[in-house]
Amino acid sequence: MCAPPPPPEPLLAVPIPPASSSQQIGLILNSLSSLFLQRSFDGVVVFGDVDSTLLGAVTAAASSVKLAHVESGLRSHDKRMPEEMNRIIVDHLSDVLFTTEPSANENLLKEGIHKSKIYYVGNILAEGIELFWDKISASSVIQELQLTKGDYGVITIHRYENTENPLVLKSILTLIHAL
C-alpha cells in the first residue's frame, strides 16, 4: 500500500504535552494567550465544538480579535454535553457565524444572535466528499486491504464519554461486533 505524503508543517504550532483534560485546557489557554501577545492577528477562525475551539474563541475575544466560527448553531439541547456548552459560548463570542444547515440558523436567531452575523454556507464535510469523490472512487485501498465490497464499515468513536469509560467502550465494540 502506498503511504500518503506527510502533512505540511504548520506555520505556527502550540505543542501541548499529554496531561489531564483540565491541565491541557490551562496549558492551551496560556500558550494561545502568549501567541496572541507575540503576534498581531486580523482575525481567528475556529471550527466545531471541541475544547480547542472554545479556547481559541475565548483568547480571540479577550484579545479583541475578530472571530469566525465554522459549524455554528448546531445544538443537541443537552447542556450536560461539554461540546454543547462550547458551541453556545463560541457562537455568542463570534463576530461571524458560518452555519451548515437551516436549523442552525434558527437556533442562533432564537438565542438572540443578529441575522447579519449568520451565513449559511453548507456542510464542509459533505462538500469535501463531493469535491474529492472521483479520487475516493479511484482509490485502491479496498483491494490493498483485501476487503470485499459491502463486507466492511467505517466507524468513528471519538466522544469522550464513549472512549474513556471501559464499560461503555466495550458495549459499543460488542454491538459493532454483533452487527
Side-chain angles (χ1 to χ4, degrees), residues 4-16 21 24-139 154-163:
E9 290 294 317
L11 296 176
L12 299 171
V14 180
I16 303 298
S21 178
Q24 282 192 327
I25 287 170
L27 291 167
I28 294 169
L29 193 56
N30 187 48
S31 295
L32 286 177
S33 296
S34 296
L35 183 63
F36 275 61
L37 284 172
Q38 294 168 9
R39 295 182 173 257
S40 175
F41 295 105
D42 294 325
V44 171
V45 179
V46 294
F47 289 77
D49 59 10
V50 295
D51 288 342
S52 58
T53 302
L54 174 66
L55 297 170
V58 168
T59 306
S63 303
S64 299
V65 174
K66 295 287 184 190
L67 176 65
H69 183 207
V70 178
E71 296 183 342
S72 292
L74 299 177
R75 298 290 185 265
S76 69
H77 304 289
D78 180 357
K79 290 187 179 177
R80 293 172 299 165
M81 291 177 60
E83 297 89 354
E84 183 73 355
M85 296 309 298
N86 290 353
R87 294 172 190 145
I88 294 167
I89 293 166
V90 172
D91 285 343
H92 285 267
L93 291 175
S94 294
D95 300 290
V96 178
L97 299 101
F98 297 114
T99 62
T100 59
E101 57 188 62
S103 68
N105 293 13
E106 294 166 17
N107 291 332
L108 295 171
L109 293 170
K110 284 179 193 171
E111 293 175 16
I113 294 176
H114 197 273
K115 65 182 177 182
S116 65
K117 297 169 77 172
I118 303 169
Y119 297 87
Y120 172 59
V121 295
N123 187 320
I124 60 174
L125 177 60
E127 291 170 8
I129 290 171
E130 287 177 25
L131 183 65
F132 290 99
W133 186 250
D134 290 342
K135 196 170 192 173
I136 294 167
S137 298
S139 172
V154 178
I155 298 169
T156 176
I157 307 167
H158 65 281
R159 293 276 180 218
Y160 179 85
E161 55 272 10
N162 291 335
T163 60

Once you round to the nearest 0.5 Å, how far does [atom1] of [X] lie from [atom2] of [Y]?
| X | Y | atom1 | atom2 | answer |
| --- | --- | --- | --- | --- |
| Ile88 | Arg75 | CD1 | CZ | 5.0 Å |
| Ile118 | Leu109 | CD1 | CG | 4.0 Å |
| Ile124 | Phe47 | CD1 | CZ | 5.0 Å |
| Leu29 | Ser52 | CG | OG | 12.0 Å |
| Glu101 | Glu71 | CD | CD | 10.0 Å |
| Leu55 | Asn30 | CG | CG | 11.0 Å |

Check step by step if side chain to side chain contact (heavy atoms under 4.5 Å, CB included) holds for Asp78 and Glu84. CA-CA 7 Å; Asp78 180 357; Glu84 183 73 355; 5.6 Å; no

Evaluate the criterion side chain to side chain contact (heavy atoms under 4.5 Å, CB included) for residue pair Asp51 and Ile28; output intermediate values, then yes/no. CA-CA 9 Å; Asp51 288 342; Ile28 294 169; over 6 Å; no

Do [X] and [Y] have side chains that approach each other closer than 4.5 Å (heavy atoms only, starting at C-beta)?
| X | Y | result |
| --- | --- | --- |
| Lys66 | Asp95 | yes |
| Val44 | Phe36 | yes |
| Arg39 | Leu12 | yes |

Check the pair Glu83, Ser76 against side chain to side chain contact (heavy atoms under 4.5 Å, CB included), reporting the backbone distance first and the verdict last. CA-CA 9 Å; Glu83 297 89 354; Ser76 69; over 6 Å; no

For a side-chain contact (heavy atoms from CB on, under 4.5 Å) with Ile113, tell me which candidate from Asn107, Leu108, Asn105 qualifies. Leu108

Measure across [X] and [Y] and return the closest heavy-atom pair with its distance rounded to 0.1 Å.
| X | Y | answer |
| --- | --- | --- |
| Ala13 | Pro15 | O-CD, 3.4 Å |
| Ile16 | Ser31 | CD1-OG, 3.9 Å |
| Ser94 | Val90 | OG-O, 2.7 Å |
| Val46 | Ala57 | CG1-N, 4.2 Å |
| Val65 | Gly43 | CG1-CA, 3.5 Å |
| Ala104 | Ser72 | CB-O, 3.3 Å |

In terms of heavy-atom contacts, does CZ of Phe132 have more than 12 from other residues, nucleotides or ligands at under 6.0 Å? no

Against His69, only a single residue in Asp91, Thr99, Thr53, Asp49 fulfils side chain to side chain donor-acceptor pair (under 3.5 Å); can you say which? Asp91

